[in-house]
Enquirer: 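Before anything else, here's the structure in question.
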Amino acid sequence: MFGHDPRELAAVFVGGALGTLARAGLAVLAAHDPHQWPWPTFIVNIVGAFLLGYFTTRLLERLPVSSYRRPLLGTGLCGGLTTFSTMQVETITMLEHGHWALAAGYTVASIAAGLLAVAVATALVRRAAVGR
């Protein structure tokens with residue numbers, strides 16, 4: 001398959017399926033109203049950013065190199081869990097309904113909280129490394 005390791009592709013597939021199922025489950029439990037803050041998407045994107053920061057730092061700095069952990073957890077699980085495209089559709093829907101401040105706040109908060117989540121997760125992994 002063009003030089004790709006089938007086990008690595010399987011890891012991406014399994015992780016992606018798990019992440020997508022988790023996101024879809026949350027979306028079913030907490031349906032979004034275009035006139036309000038889209039909590040389901042916001043939550044999965046921030047949790048996904050935190051997990052990506054945690055997994056990336058832990059896998060690169062703390063654990064032995066593995067061909068399958070990063071594709072499973074980073075690319076697959078976090079890629080399936082997070083959804084930039086849904087965030088964009090929700091933002092456009094807010095704009096179409098005239099909720100300019102909500103759309104701007106959602107966009108800025110999503111980016112800021114995502115970056116903060118990555119920074120906190122990275123710091124937690126590194127702090128644990130120092131404490132050992």
Side-chain angles (χ1 to χ4, degrees):
M1 246 215 281
F2 304 111
H4 292 292
D5 180 352
R7 294 172 293 184
E8 185 176 348
L9 294 174
V12 172
F13 176 81
V14 169
L18 293 173
T20 301
L21 287 172
R23 176 174 36 90
L26 181 61
V28 168
L29 291 175
H32 167 63
D33 176 354
H35 303 289
Q36 298 179 356
W37 191 271
W39 286 108
T41 305
F42 185 78
I43 291 168
V44 296
N45 284 341
I46 304 314
V47 168
F50 179 88
L51 291 175
L52 188 59
Y54 178 85
F55 293 145
T56 300
T57 306
R58 183 148 172 87
L59 294 174
L60 291 177
E61 297 179 11
R62 303 271 298 139
L63 295 176
V65 175
S66 165
S67 298
Y68 310 111
R69 288 185 190 131
R70 246 178 42 192
L72 174 72
L73 299 172
T75 306
L77 181 71
C78 292
L81 179 64
T82 59
T83 175
F84 184 74
S85 59
T86 300
M87 179 194 150
Q88 295 307 302
V89 169
E90 290 168 345
T91 302
I92 290 169
T93 303
M94 289 177 210
L95 293 172
E96 289 172 345
H97 285 89
H99 302 294
W100 293 86
L102 183 63
Y106 178 50
T107 301
V108 170
S110 293
I111 293 168
L115 290 171
L116 180 63
V118 169
V120 167
T122 300
L124 288 174
V125 171
R126 289 181 176 158
R127 179 174 292 169
V130 172
R132 287 189 170 203

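These values consider heavy atoms only, across backbone and side chains, with no hydrogens, waters or symmetry-generated copies. Since we're looking at a predicted model, the values are computed, not measured.
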Enquirer: Measure from the side-chain N and O atoms of R70 to the backbone N and O of L59, and report whether any donor-acceptor pair falls under 3.5 Å.
Expert: no
Enquirer: Are V47 and V125 linked, directly or through intermediate hydrophobic residues, by side-chain heavy-atom contacts shorter than 4.5 Å (ILVMFWY only)?
Expert: yes
Enquirer: Any link between I46 and L77 through a network of hydrophobic side chains (Ile, Leu, Val, Met, Phe, Trp, Tyr) touching at under 4.5 Å?
Expert: yes
Enquirer: Return all side-chain donor-acceptor pairs below 3.5 angstrom for residues 103-113, not counting sequence neighbours, or 'none' if the list is empty.
Expert:
from: Y106; atom 1: OH; to: E90; atom 2: OE1; distance (Å): 2.8
from: T107; atom 1: OG1; to: A103; atom 2: O; distance (Å): 2.9
from: S110; atom 1: OG; to: Y106; atom 2: O; distance (Å): 2.7

Enquirer: Output all residues satisfying salt bridge (Lys or Arg N to Asp or Glu O under 4.0 Å) with E8, sequence neighbours left out; order by chain, then residue number.
Expert: none
Enquirer: Count the heavy atoms of every other residue, nucleotide or ligand shown that sit under 6.0 Å from OH of Y54, and state whether that count exceeds 12.
Expert: no
Enquirer: For residues T82 and V44, report the shortest heavy-atom separation together with the two atoms involved.
Expert: CG2-O, 3.8 Å
Enquirer: Are I43 and F55 connected into the same hydrophobic cluster when the rule is that any two of I, L, V, M, F, W, Y join if their side-chain heavy atoms are below 4.5 Å apart?
Expert: yes
Enquirer: Test side-chain contact (heavy atoms from CB on, under 4.5 Å) on F84 and N45 and set out the steps.
Expert: CA-CA 8 Å; F84 184 74; N45 284 341; 5.9 Å; no
Enquirer: Once rounded to the nearest 0.5 Å, what's the spacing between atom CG of L72 and atom CZ of R7?
Expert: 14.0 Å
Enquirer: Testing the basics here: between G53 and T122, what is the closest heavy-atom pair and its distance to 0.1 Å?
Expert: O-OG1, 3.8 Å
Enquirer: How long is the span from the OG1 atom in T20 to the CZ atom in F13, to the nearest 0.5 Å?
Expert: 9.5 Å
Enquirer: Remaining members of W100's ILVMFWY cluster at a side-chain heavy-atom cut-off under 4.5 Å?
Expert: L95
Enquirer: What about L21 and V12, same hydrophobic cluster or not, with Ile/Leu/Val/Met/Phe/Trp/Tyr joined at side-chain heavy-atom distances under 4.5 Å?
Expert: no
Enquirer: Taking all non-hydrogen atoms of both residues into account, name the closest pair between L51 and C78 and its distance.
Expert: CB-SG, 3.8 Å
Enquirer: Check whether L73 and L81 end up in the same hydrophobic cluster, where Ile, Leu, Val, Met, Phe, Trp and Tyr are linked by side-chain heavy atoms less than 4.5 Å apart.
Expert: yes
Enquirer: Which heavy atom in M94 sits nearest to a heavy atom in L102, and how many Å separate them?
Expert: SD-CG, 3.6 Å
